[in-house]
Amino acid sequence: MDSQVEQTPHEKHVFPPSPEFRDAAVAGPDLYAAASTDRVGFWADQARELLHWHTPFSRTLDWTNPPVAKWFDDGELNVAYNCLDRHVESGNGERIALYWEGEPGDSRAITYAELTADVKRAANVLTELGVEAGDRVAIYLPMIPEAIVAMLAVARLGAAHSVVFGGFSADSLRARIDDAGAKLVITADGGWRKGKVSALKPAVDAALEPRGDLPAQDTVTNVLVVRRGENEVGWVEGRDIWWHDAMAAAEPEHQPLAFPAENPLFILYTSGTTGKPKGILHTSGGYLTQVAFTHRNVFDLRPESDVYWCTADVGWVTGHSYVAYGPLANGATQVLYEGTPDTPHSGRWWEIIEKYRVTILYTAPTAIRSFMKLGRQIPERFDLSSLRLLGSVGEPINPEAWLWYRHVIGADRTPIVDTWWQTETGAIMISALPGVTEAKPGSAQVPLPGISVDVVDDAGTSVGQGDGLLVVTEPWPSMLRGIWGDEERFRETYWSTFGDRYFAGDGARIDEDGDIWLLGRVDDVMNVSGHRLSTAEIESALVAHHFTAEAAVVGASDDTTGQAVVAFVIIKESQKADAEATDVAAELRSHVAKQIGAIARPRDIYVVAELPKTRSGKIMRRLLRDLAEGREIGDTTTLADTQVMRIIGDKVVR
Ligand code: 6R9
């Protein structure tokens, strides 16, 4: 680690904005004042200022029936029009919307006029294939411009997309297609990853194969296939269509219709505490208002001069709000990169920043920590002087990583915004405002103007200063509107703990300055490299293997990925002979990757004879976490068999 940042950072170590940054900043302290005088009116002003409404709204918020919120609900808009056509109409058609960089080094610069033209054609293609307002379309694509085109074309028609991360398996894709009842799947032959083409189409083919009780094949009528990898693909006549053929044949003009503000925009699946992923539902007007507002003010965006780069994949919520919708609603110029940070060399990201003169970088702590490990000599080989603001998202950023980020990447100049939010919140909720707030390494700090949060104890009482649970106390424009097809789970998960205050699932602390520190999840959700994974989902994948009798999964802290998946499994008696002849850990790791996706693959698998359980049969994951992290085992008195930890511990030689 670098010597300058080795010292233990002190909570009191703060970084005030430079006078130059403060004087020119997009956001000023007046935003806090305006929002605290009239919170709801503040959002109405933002919605009117930042978006074009085909039909202006007269009602800002309807919260008469919590937890069902309606924002701007008598207004109408078209989300794609707001992200595209209006910029062309206002004379910015020649501005670059996307600087796309393919992993092998091919690139494309796409203007707002060109992107608008592509989305119009794509909307006509989808209409031809029978997609109408209210339908769902699954998108399973690499990070190529067509991913953005596909999302916006779906939005333009008033349909809802469900983007499935390209790293997810056929089974995960199938579950998501079924749950949403998707009519169409948009995919690619393959995409470039780690120096080679990684095929995507076979997973779609497998997902749509008729199999037992799963009805995916029934709802999906067509598969649109983008050619990217040039790899051979299987083809189902009558179902599969090449994207480029359909685009070439489509009408170029398309009139966007206006849809109600509460029309669904997308469903995005995320891990919860039980096995089945939740389809988080977002709607149009409120969502777009808050992503545009936060993207402009948190990133100090100047659309005419900035080059913004958010490194998230569109398969995650960060890619929805801060690659697709926020930047495009604001008419920003952004970089989109297809591949991995270390291909073909470990300076690839810094090379891209130098090439496009990137001014704003938004990434995850896990990436920063892996660059720290490689050493500062790699970024130092590139000219990063264009950078003027850095952002962090996905997990708590440790002060060491924060200081390294600012020092090595930001040349001690750039403000850093540590942004806390969730798939469910749709947009950033807690963050410093650059130019206004003094930055404090490791703390996400303060709720944004118009957002009200609190830290409460188990009984729901505000802790004032100290540790507790994070809640959002007032409805916000980009809040989730439900869990697709499961109203009960929506109420139960977020609204049953503290009444009409939203329970986020994160622990938090308020320090003596009133700044908020996020302390990680308080439920059985892990955070691996900024990706949410459910212990229950991985456990059920493990027990689906014929070797496994029982499994327990914990998230153990990891220097690079934040947390790592560690699994403890008991092998069935009947399988013991077979298992002994196999590399069980390797077998189960690849089984989990196949069932869920490579991101869920356990780092360690321990075969054990017992699992620590309470007398009521609950697995005590806390004890397994102690073991996985090499700590002294905590209190074992509630175990049914107090000897069990010693027996397991003997197995775990680290
Ligand atoms: C945007 C996103 C949400 C969970 C959230 C929390 C963690 C995200 C954070 C952070 C500390 C930050 N999280 N940002 N923790 N500081 N700045 O990541 O959404 O994938 O739904 O994850 O991520 O635990 O509850 P999502």
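Everything numeric in this text was worked out from a predicted model, so none of it was measured. Start at 1 and go down the list; that is how both ligands and their atoms are numbered.
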Undergrad: Applying the ring-ring contact (aromatic ring centres under 6.0 Å, His included) test to W309, which of W349, Y362, F299 qualifies?
TA: W349
Undergrad: Are D558 and R603 within salt-bridge range, i.e. N to O under 4.0 Å?
TA: yes
Undergrad: So that I can tick it off, tell me whether K440 and D511 are bridged by a salt bridge, with the cut-off set at under 4.0 angstrom between side-chain N and carboxylate O.
TA: yes
Undergrad: What residues sit with at least one heavy atom under 4.0 Å from ligand 1?
TA: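 Residues V317, T318, V393, G394, E395, P396, D418, T419, W420, W421, Q422, T423, D506, L518, R521, N527, R532 each place a heavy atom under 4.0 Å from ligand 1, listed by chain and number.
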Undergrad: Working note: Y269 + F165, criterion ring-ring contact (aromatic ring centres under 6.0 Å, His included); need CA distance, chi angles, decisive distance, verdict.
TA: CA-CA 10 Å; Y269 288 83; F165 173 56; over 10 Å; no
Undergrad: In terms of side-chain geometry, is the basic nitrogen of E395 or R532 positioned less than 4.0 Å from the acidic oxygen of its partner?
TA: no
Undergrad: Is it the case that the ring center of F266 lies less than 6.0 angstrom away from the ring center of Y287?
TA: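 Centroid separation for Y287 and F266: below 6.0 Å.
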